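First up is the structure itself, then whatever we jot down about it.
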There are 2 protein chains.
Amino acid sequence: MTTNPPRRRATIHDVAKRAGVSITTVSHALNGKGVIADATRKRVVETAADLGYSPDAIARGLRSRRLGILGLVIRPLDTLGSYQPEGVDYFLRFAGAAAVEALDRGYGLALMRDPTVGNAPGIALAADGFIISDPVASDPVIELLTRNGIAVVAVGRDIERPEFTAWLGAGTHTNTDAVIQHFLERGATRIAIVTGEDNNSWNADSELTYRAWAAERGQTPLVYHQDEGLGEAGGRALAEQLLASGEPLPDAIYCLTGRHAAGMQAGLQAAGYLIPDDIMIASGSDSEQTRNSAPPITSIDLAPEATAKAAVTFLVELLDGVPDADPDADPDGDGAGDPVPPEVEYRIRDRASTRSMR
Amino acid sequence: MTTNPPRRRATIHDVAKRAGVSITTVSHALNGKGVIADATRKRVVETAADLGYSPDAIARGLRSRRLGILGLVIRPLDTLGSYQPEGVDYFLRFAGAAAVEALDRGYGLALMRDPTVGNAPGIALAADGFIISDPVASDPVIELLTRNGIAVVAVGRDIERPEFTAWLGAGTHTNTDAVIQHFLERGATRIAIVTGEDNNSWNADSELTYRAWAAERGQTPLVYHQDEGLGEAGGRALAEQLLASGEPLPDAIYCLTGRHAAGMQAGLQAAGYLIPDDIMIASGSDSEQTRNSAPPITSIDLAPEATAKAAVTFLVELLDGVPDADPDADPDGDGAGDPVPPEVEYRIRDRASTRSMR
DNA sequence: AAAAATACCCAAAACGTTTTACATGCCGGA
DNA sequence: TCCGGCATGTAAAACGTTTTGGGTATTTTT
């Protein structure tokens with residue numbers, strides 16, 4: 001075989017026997033719980049070290065009902081059905097950063113697929129809490145988890161579950177306004193938006209904000225949708241559709257996904273249009289495609305690292321309680337301060353696909 | 001509070017009571033184990049469904065000694081100490097793909113930091129098996145895990161632990177030869193190599209292969225090292241160092257990391273050299289930097305997705321046994337076929353940083 | 001010197017499963 | 001009528017912890 005001789009792990013019993021005490025004493029000594037003579041504690045600790053003992057996380061989890069694992073479900077990947085490298089930039093960075101932050105807080109982070117489909121790997125319900133990125137409307141995952149009493153924090157709201165408030169925003173409203181403002185400052189008069197088709201708050205709220213602006217301004221809203229999974233090809237297809245429609249073209253297009261934006265830009269350029277002179281392009285999500293298109297595409301930096309960090313922080317506070325909560329202020333008397341979703345700063349990356357302000 | 005009323009999960013006892021049978025019968029009925037009257041089984045299954053019962057993964061894990069979680073430790077990130085997006089392309093893609101593959105095989109995948117430092121989040125030793133990417137020499141993580149009887153699969157070998165054979169290669173030897181060959185075919189006469197400083201097999205074996213070639217060819221080896229963490233700046237610094245040395249410049253440089261390659265190229269260009277005309281550049285790891293430099297840099301596509309998939313497959317076979325193993329061929333009589341590391345195909349991405357063959 | 005307090009330690013229960021080994025009732029065969 | 005066998009079901013142990021509720025010396029107080 002390839003593996004080394006699998007030696008049995010030392011248990012608390014082994015330590016107890018070797019140190020000549022009861023397992024209770026070992027547990028207490030190691031966890032600093034009971035009241036124990038210093039000499040005994042020292043002896044136990046040393047024996048434990050000798051034996052290389054570390055408490056079994058599973059057994060401990062069974063007693064304490066916490067495993068030390070955070071689950072992460074990225075909904076768009078469920079619908080996309082693939083972790084193709086192109087375009088999922090954001091999610092991979094999000095997952096990596098979430099893992100690191102979880103680790104720093106003493107949790108492991110397990111990436112999981114939609115636990116409601118197929119035979120959920122039971123382990124799903126064993127995680128201490130979940131982060132769910134971009135839930136869809138009335139998300140069944142949130143349903144399943146809350147029904148089982150598992151803490152959930154969402155990134156992006158569940159647009160049909162207003163009572164679920166444990167979410168932190170991706171700044172969708174602000175970001176959309178910022179992009180529109182950006183276009184307007186640069187002389188745009190006819191702004192269009194391209195959202196994806198997933199039924200999540202990023203798509204919905206972006207469109208909502210856009211429509212609100214259009215209504216206020218009295219402009220006919222120009223809203224297009226495209227399957228996220230189609231990527232750049234989808235953006236290009238949309239460009240052709242736009243050109244073929246005979247309608248007057250927009251002079252600024254806001255594509256939520258970076259791949260749509262890159263495809264749209266390429267499609268328009270192929271038809272002889274100049275970016276940004278004829279038409280400006282911006283993306284709602286910075287990605288390799290927006291950074292490396294020609295010209296590079298102005299994008300919202302969704303700050304996946306900061307968002308992940310905030311989400312983990314929020315969830316851990318939900319689980320462990322807010323560390324420095326004011327003990328006097330505890331309105332619901334549940335002994336735990338109510339954590340409030342951290343805010344994340346987003347920035348617009350000003351690139352050549354929108355006119356310079358000079 | 002933000003969470004829903006945390007309802008207690010139904011246990012096997014609840015099901016047993018409701019169905020009027022013992023918990024043994026419930027367990028058997030649900031797992032298809034014992035011999036039970038069809039009517040009883042049906043009744044049990046139905047009540048279980050009614051109650052929304054699903055066995056607790058932790059309790060089950062305690063009995064069966066398997067949790068359904070695979071651990072992933074990416075060593076270079078431990079030493080790098082950061083999940084910064086730049087340059088870790090490969091690892092994020094690796095982690096994402098590994099997670100998906102694990103999920104497909106009924107496991108969750110938990111990303112973890114070096115479990116030997118600090119107070120390892122006990123959960124580390126609770127994972128069923130581990131994938132460890134790019135172990136360092138005599139890697140303490142492999143040591144810790146095997147000592148505790150936990151299955152480990154490495155990507156890249158432990159260069160000072162020949163008895164550890166459960167690793168799959170990143171094709172380092174072949175890849176290095178391929179790049180050298182690529183350079184030679186394009187007229188290079190003076191080839192240099194730049195490795196990183198981590199003490200892993202990627203660095204070591206690349207250098208070894210290169211030196212072997214140089215020795216055979218009778219060329220003085222031109223070997224440089226640079227801290228991986230320095231990224232593009234490190235590559236640029238090395239370029240300046242090369243220029244300042246007064247030695248005749250190489251006409252082809254193989255940088256293992258994409259960031260070093262990009263920095264090296266930029267540094268040489270800044271000094272007025274033309275790529276590829278004066279000097280050719282290639283990278284041992286395709287990344288955003290190599291794809292998007294000007295000119296784009298010829299690179300080995302390390303196929304992180306395929307490698308991750310192979311690693312997970314290998315590990316799962318180690319844990320569960322090879323599904324379709326020939327029962328007659330079982331030399332060690334341990335009832336489990338010995339899985340053999342899957343092979344992964346790597347390709348060289350031929351780009352403008354090396355001369356065209358026209 | 002007896003009672004009360006203190007310091008230290010431990011047995012056993014509990015967490016929710018799976019599995020082993022045995023109990024019960026019924027049938028057919030002798 | 002008795003017995004072996006079969007079909008069905010169950011009690012209890014085990015997994016490795018943490019925690020509860022004492023228990024036993026030893027010391028202090030009266």
Side-chain angles (χ1 to χ4, degrees), chain A residues 6-45 47-48 51-68 121-126 128 148-150, chain B residues 7-45 47-48 51-68 121-128 148-150:
Chain A
R7 252 197 0 220
R8 200 179 65 87
R9 277 183 67 183
T11 76
I12 197 173
H13 286 99
D14 300 329
V15 179
K17 190 177 300 174
R18 183 91 104 79
V21 294
S22 75
I23 63 166
T24 307
T25 303
V26 175
S27 177
H28 282 165
L30 262 26
N31 298 317
K33 280 290 175 61
V35 36
I36 302 194
D38 279 350
T40 313
R41 160 164 284 127
K42 185 150 173 288
R43 182 157 40 92
V44 169
V45 169
T47 337
L51 262 36
Y53 168 77
S54 70
D56 181 280
I58 305 182
R60 176 183 288 209
L62 185 56
R63 267 291 324 199
S64 60
R65 300 280 66 188
R66 50 180 35 195
L67 242 197
I123 184 62
L125 295 180
D128 297 342
N148 282 93
I150 300 178
Chain B
R7 255 198 357 219
R8 198 179 67 87
R9 277 182 67 182
T11 75
I12 197 173
H13 287 98
D14 301 329
V15 179
K17 190 177 300 174
R18 183 92 104 80
V21 294
S22 73
I23 62 165
T24 307
T25 303
V26 175
S27 177
H28 282 166
L30 262 27
N31 298 317
K33 281 291 173 60
V35 39
I36 302 191
D38 279 352
T40 313
R41 158 163 288 129
K42 186 150 173 286
R43 184 158 39 91
V44 169
V45 169
T47 32
L51 262 37
Y53 167 77
S54 69
D56 182 277
I58 305 183
R60 172 181 285 196
L62 184 57
R63 266 296 319 205
S64 62
R65 300 278 70 189
R66 51 181 32 194
L67 241 196
I123 185 62
L125 295 180
D128 297 341
N148 282 93
I150 299 177

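Order of the sequence lines sets the chain letters (A, B, ...), proteins ahead of strands, with each chain counted from 1. Computed from a predicted structure; not experimentally measured.
Ranking dT17(C), dT18(C), dG16(D) by closeness to the Thr11(A) side chain, first place goes to dG16(D). In the set dT20(C), dG16(D), dT17(C), the nucleotide with an atom closest to the side chain of Arg65(B) is dG16(D). If you check dT17(D), dT10(D), dT17(C) against the side chain of Tyr53(B), the one that comes closest is dT17(C). Closest to the Asp56(A) side chain, of the nucleotides dT17(D), dG9(D), dT17(C), is dT17(D). Distances were taken from every side-chain heavy atom of Ala37(A) (C-beta onward) to each of dC9(C), dC15(D), dT20(C); the shortest belongs to dC9(C). Nearest nucleotide to the side chain of Ser27(A), out of dT19(D), dC9(C), dT17(D): dT19(D).
Between Lys33(A) and the phosphate of dT19(D), there is a side-chain N or O to OP1/OP2 separation shorter than 4.0 Å. Side-chain nitrogen and oxygen atoms of Thr25(B) include at least one within less than 4.0 Å of the OP1 or OP2 phosphate oxygen of dT10(D).
Taking 3.5 Å as the limit, the base of dT17(D) and the side chain of Arg63(A) contain no donor-acceptor pair of atoms between them. Counting atom types as modelled, Thr24(A) pairs no side-chain N or O with a base atom of dT18(D) as donor and acceptor under 3.5 Å. For Arg60(B) and dT17(C), a side-chain-to-base donor-acceptor distance below 3.5 Å is absent, hydrogens and geometry of angles not being considered.
Atom-to-atom, CG of Leu125(B) to P of dG16(D) comes out at 14 Å; the value is rounded to the nearest Å. When the C1' atom of dA14(D) is taken as reference, atom CD1 of Ile12(B) falls 15 Å away, rounded to whole Å. Taking atom CD1 of Ile23(A) as the reference point, atom C1' of dT20(D) lies 13 Å away to the nearest angstrom. To the nearest angstrom, P of dC15(C) lies 18 Å from CZ of Arg66(A). Distance, Leu30(A) CG to dT17(D) C1': 12 Å, rounded to whole Å. If you take CG of Asn31(B) and P of dT17(C), they are 11 Å apart, rounded to a whole angstrom. Summarising the geometry, the separation between CD1 on Ile36(B) and P on dT18(C) is reported as 12 Å, rounded to the nearest angstrom. If you take CG of Leu67(A) and C1' of dT17(C), they are 14 Å apart, rounded to a whole angstrom.
For the pair Thr40(B) and Ala59(B), nearest-nucleotide mapping onto DNA chain D gives the more 5' position to Thr40(B).
Leu62(B) comes within contact range of at least one nucleobase, with a heavy-atom separation under 4.0 Å. Note on Ile58(A): nothing from the nucleic acid sits closer than 4.0 angstrom, heavy atoms only.
In terms of heavy atoms, Arg41(B) sits closest to Lys33(B) at NH2-N, 4.3 Å. Shown here for His28(A) and Ile36(A), the closest heavy-atom pair between the two residues is CB-CD1, 3.6 Å. Contact record, Gly68(B) with Asp128(B): N-OD2, 2.5 Å, taken as the closest heavy-atom pair. Here the closest heavy-atom approach between residue Val21(B) and residue Arg43(B) is recorded as CG1-NH1, 4.1 Å.
In this model, no donor atom of one side chain and acceptor atom of the other lie less than 3.5 Å apart for Thr24(A) and Ser27(A).
A side-chain donor-acceptor contact under 3.5 Å links Asp56(B) to the backbone of Ile58(B).
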